[in-house]
Protein chains: 2
Amino acid sequence: MKTLTYAEENYLKAIYHISEAGKKGVSTNDIAAAMQTKPASVSDMLRKLSNKKVIEYRKYYGVHITEEGKKYALQTIRKHRLWEVFLVEKLHFTWDEVHEVADELEHIKSAILIQRLDEYLGYPKFDPHGDPIPDEYGDVKARPRLPLSEIEINGTGQIVAVKDSSAAFLRYLDKVGAYIGARIKVLDKVEFDGSVEILVDNKKKIFMSREVAGNVLVMV
Amino acid sequence: MKTLTYAEENYLKAIYHISEAGKKGVSTNDIAAAMQTKPASVSDMLRKLSNKKVIEYRKYYGVHITEEGKKYALQTIRKHRLWEVFLVEKLHFTWDEVHEVADELEHIKSAILIQRLDEYLGYPKFDPHGDPIPDEYGDVKARPRLPLSEIEINGTGQIVAVKDSSAAFLRYLDKVGAYIGARIKVLDKVEFDGSVEILVDNKKKIFMSREVAGNVLVMV
DNA sequence: AGATAAGTTTAGGTATAACTAAATATTAAT
DNA sequence: ATTAATATTTAGTTATACCTAAACTTATCT
Ligand SMILES: [Mn+2]
Ligand SMILES: [Mn+2]
Ligand SMILES: [Mn+2]
Ligand SMILES: [Mn+2]
């Protein structure tokens, strides 16, 4: 059991998330953008992470996360998402308020704490943004889901997650009345701009731009 | 509102605790002992804390915490103790398990988090070790209390806190059946070694060495 | 292919927070 | 009042994690 620093945990989490999105090697620039830091700093860190065997690093060709690295990343993600559930369910934070605080809480080092927290929360399977919570071994139950923008007219489904979980986007969804768990039906799609009209819970008609609909994930 | 680093918060908390115990200037060596570090490292840090105006520092003559410094220290102590209550009340940690984890949690920077946590816990006034929880302005309600070793024969009272909150001591108290809230009566005091015999909750007779009784605090 | 652009790494520097060893100041003892 | 003991600070070093500027590698374009 290696001990990673806060910075190392953050980099590893970012590398994991980027490599989940696209399948190939993760580039220095992409990591720098995700971490809001400079490519030169990333190069420094990649050498460190490589020495700790949590990534495979070939200079100039981007990095791959190792199996061991993936375990550490998923552990951090597990903590992040469990804390998010805690903040929303127990402390009544809104889903747009939790991310920053969870980014700090995810680094608290105590196996028993996370075990107890999980138990206390009733072993939740998804966080407030619909993202799956890895179990203590790092196993994630992926749910098949696709962007709302890709549902056909008259197609139905349930909102299960968001792709963008920025505060601005989440507050916008609150405003229009979209939320996780909502049952939806696509009433109309505008060919011209890709915007959609949907019916929420068989009650409320709402409009979404293609941009917005692309960031709302649905299970059919 | 200055931002203190984790290390600065820890030093300031230690300095506050030491200066509460004895009234005069806090020495470099005492801080080093409390922080489990070297005097040379303490000297470095004192210069930093002095620049930030949270302590008054005259070389070779120890330090005094400023009013502003006290506010920061009490804020950290507030967070520490609230988290301890959370761990015990909600996550069912035992009172000997909470200190380490709280030492990490106390540095999480989010005013709203602490406000909500306080509310969620029902605005507790004392932590699991009987120590008072400062309010959001740093006000502490001190409870008059004295070591059990100083109670006269036939004197009664209630255990309200412990002076030593090391895991070993707390587990020992668990074992003999002493706990916070217990009503006690001193049945006998042995002149020779200062040990005491006490009656707990009008039921159970227990023995304590002078050492132990000196670390159990009672309200009469 | 050769030149240029884009991406990445290296070199050198800063800030924090430790450490050891040496120097210096204060306090206690003779 | 010196000297010795104790306490404290300074000097110099290390490790982490950033930065800018310069050098270098790879990819792209004509
Ligand atoms: Mn998040
Ligand atoms: Mn989330
Ligand atoms: Mn504690
Ligand atoms: Mn406590």
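Here the structure is a predicted model, which means the values were calculated and not measured. Proteins come first, then strands; the chains are lettered A, B, ... in the order of their sequence lines, and each starts at number 1.
- No cation-pi contact links B:R47 to B:Y57, judged by a cut-off of 6.0 Å to the six-membered ring centre and 45° from its axis.
- For B:A178, the side-chain contact (heavy atoms from CB on, under 4.5 Å) partners are B:I159, B:L173, B:V176, B:I206, B:M208, not counting sequence neighbours.
- Here the options are A:K48, A:K52, A:K13, the test is salt bridge (charged side-chain N to carboxylate O under 4.0 Å, His left out), and the partner is A:E8; only A:K52 passes.
- Side-chain contact between A:H80 and A:H99 is present, with heavy atoms from C-beta onward closer than 4.5 Å.
- By the 6.0 Å and 45° rule, A:R81 does not stack over the aromatic ring of A:F126.
- The distance between the ring centers of A:Y16 and A:Y11 does not fall below 6.0 angstrom.
- Side-chain polar atoms of A:N29 and A:S27 form no donor-acceptor pair below 3.5 angstrom.
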Sort me out a list of protein N/O and nucleotides 22-27 of chain D N/O pairs below 3.5 Å, or just none if empty.
residue: D:dT25; atom: O4'; partner: A:Y60; partner atom: OH; Å: 3.4

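- Whole-Å rounding puts the A:H107 NE2 to D:dA17 P distance at 11 Å.
- Dense packing is recorded around NZ of B:K2, with more than 12 heavy atoms of other residues, nucleotides or ligands lying under 6.0 Å away.
- Applying the 6.0 Å contact sphere to NZ of B:K71 captures no more than 12 heavy atoms from other residues, nucleotides or ligands.
- Near-neighbour residues of DNA chain C inside residues 34-54 of chain A, defined by a heavy atom below 4.0 Å, number-ordered: A:P39, A:A40, A:S43.
- The closest side-chain heavy-atom distance from B:V85 to B:L121 is below 4.5 Å.
- Near DNA chain C, meaning a heavy atom under 4.0 Å from it, residues 3-10 of chain B has B:T5, B:A7 in order of number.
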For residues 127-134 of chain A, please give each side-chain donor-acceptor pair under 3.5 Å, one per line with the distance, not counting sequence neighbours.
residue: A:D127; atom: OD1; partner: A:H129; partner atom: N; Å: 2.7
residue: A:D127; atom: OD1; partner: A:G130; partner atom: N; Å: 3.1
residue: A:D127; atom: OD1; partner: A:D131; partner atom: N; Å: 3.0
residue: A:H129; atom: ND1; partner: A:E84; partner atom: OE1; Å: 3.2
residue: A:H129; atom: NE2; partner: A:W95; partner atom: O; Å: 2.9

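- The pair B:K53-B:E68 does not meet the salt-bridge criterion, since no charged nitrogen lies less than 4.0 angstrom from a carboxylate oxygen.
- Running 5' to 3' along DNA chain C, contacts with non-hydrogen atoms of chain A at under 4.0 Å begin and end at C:dG7 to C:dT10.
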